[in-house]
Protein chains: 2
Amino acid sequence: MTICCETHEKDEVELIRNALPSEDHLFELAEFFKMLGDSTRIKIICVLFHGEMCVGGIVDLLEMNQSAISHQLRILKQARIVKGRKEGKQVFYSLDDHHIKMIYEMGMEHVFERI
Amino acid sequence: MTICCETHEKDEVELIRNALPSEDHLFELAEFFKMLGDSTRIKIICVLFHGEMCVGGIVDLLEMNQSAISHQLRILKQARIVKGRKEGKQVFYSLDDHHIKMIYEMGMEHVFERI
DNA sequence: CTCTTATATGAATAGTTGTTCATATGTTCA
DNA sequence: TGAACATATGAACAACTATTCATATAAGAG
C-alpha cells in the first residue's frame with residue numbers, strides 16, 4: 001500500500017532507512033525517556049538535584065506512600081539514573097548521571113518557552 | 001511515619017519543598033518526556049530529523065501500520081512536537097521544535113556513553 | 001460522478017504501568 | 001534476644017496506552 005508520494009522515491013526511503021539508528025538503540029533511547037516520563041520519578045529526580053537524600057526524606061518531601069517511592073527508586077536505579085548509598089538503616093540516593101540535569105533543563109525550557 | 005534521618009530536619013525538607021517547581025510544571029514536564037518515551041514516536045521523530053515527510057513515507061520507512069502511525073502523529077502534534085502541512089491528498093509532517101534535536105542527542109549520549 | 005489514493009479516527013483489545021496493601025529484610029538499640 | 005525503625009518487595013488492582021480493524025473523510029484522476 002501507500003506507494004504514494006513521488007517525492008519520496010524508494011531510493012530516498014532506503015537512504016534514510018539506512019541512516020537511522022538501529023532498532024535496539026532507538027528502543028533503549030525510548031526506554032530512557034520513559035523513565036523521565038512519570039510525575040513521581042521526575043519529582044524524585046528534581047529533589048535529588050538538591051543533593052543526596054534518604055528514602056524517608058523523599059517520602060516526607062513528596063508526601064507520598066513509602067512503598068511507591070521505593071518502587072520508583074528501584075526503577076530509577078535500574079535505569080542508572082540514581083544510585084544508592086547505604087548508611088546504617090538508611091539508604092541515601094543521589095543522581096548517577098550528569099546528563100540528567102541538562103536534559104531536564106532543556107525539557108523545562110521546551111515546555112515553558114511558549115506562553 | 002518515617003520520622004527518620006536527623007540529617008533531614010523539617011526545616012531542610014521545607015526549604016527544598018519550597019524550591020521545587022510547582023506540581024503543574026513537573027506534571028507537564030513528565031508529559032513531555034512521556035511523548036519521547038515510546039519506540040514508535042522516537043522513530044518518527046528520528047525520521048523527521050531528515051526533513052519533512054508525508055505519512056505514507058513514514059509508513060514505508062518504518063514498515064508499520066498506517067493507522068498506528070497516524071495515531072502517533074496526532075499525539076505528537078498535540079504535544080507540539082511535530083506539525084503538519086497539507087498538500088493535496090498528502091500531509092507532510094516536520095518537527096515543530098528546535099529543542100527536540102538537542103534533547104534527543106543528549107539522550108543518545110546518556111544511553112550509550114557507558115559500554 | 002465514480003474510483004482510487006492518502007490520511008484520520010472510533011472502538012475494541014491486549015499489554016503495560018503505578019499505586020497500594022501486606023509483609024519481608026536488615027539494622028540499631030535497649 | 002526482642003522491639004522499633006528504615007527500606008524493599010511481591011501480589012493485586014485500576015488506570016492508561018499502543019496497536020489493530022473497520023470505516024470515514026477528503027482530494028485528485030479518469
Quiz prompt | Cation-pi check, A/Lys101 onto A/Phe49 ring (under 6.0 Å, within 45° of axis) | solution = yes

What is the separation between atom [atom1] on [X] and atom [atom2] on [N], rounded to the nearest whole Å?
| X | N | atom1 | atom2 | answer |
| --- | --- | --- | --- | --- |
| B/Arg85 | C/dA6 | CZ | P | 16 Å |
| B/Arg74 | C/dA6 | CZ | P | 21 Å |
| A/Gln78 | D/dA8 | CD | C1' | 12 Å |
| A/Phe92 | D/dA8 | CZ | P | 12 Å |
| B/Ile58 | C/dA6 | CD1 | P | 14 Å |
| B/Gln90 | C/dA6 | CD | C1' | 7 Å |
| B/Leu62 | D/dT20 | CG | C1' | 17 Å |

Exercise. Output the distance between atom CZ (B/Phe27) and atom CG (A/Asp38), rounded to the nearest 0.5 Å.
Key: 10.0 Å

Practice problem: Measure the spacing between CZ of B/Arg17 and CD of B/Glu14 and express it to the nearest 0.5 Å. | Solution: 4.5 Å

Quiz prompt | A/Lys83 atom NZ, over 12 foreign heavy atoms within 6.0 Å | solution =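 Enclosed: over 12 neighbouring heavy atoms sit under 6.0 Å from NZ of A/Lys83.
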
Quiz prompt | A/Gln78 CD: over 12 foreign heavy atoms closer than 6.0 Å | solution =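 More than 12 heavy atoms, drawn from other residues, nucleotides or ligands, come within 6.0 Å of this atom.
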
Self-check item: Position toward the 5' end of DNA chain C (nearest nucleotide), A/Glu31 or B/Leu73
Solution: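 Looking at DNA chain C, the more 5' nearest nucleotide goes with B/Leu73.
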
Quiz item: OP1, OP2 of C/dA8 versus side-chain N and O of B/Tyr93: anything below 4.0 Å?
Solution: yes

Quiz item: Just by modelled atom types, is the B/Leu36 backbone N or O under 3.5 Å from a matching donor or acceptor in the B/Arg41 side chain?
Solution: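 No: the side chain of B/Arg41 does not pair with the backbone of B/Leu36.
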
Quiz prompt | Annotated protein contacts, base or backbone, on nucleotides 18-28 of chain C with a non-hydrogen cut-off under 4.0 Å, one of B, S, - each | solution = SSBBB---SBS

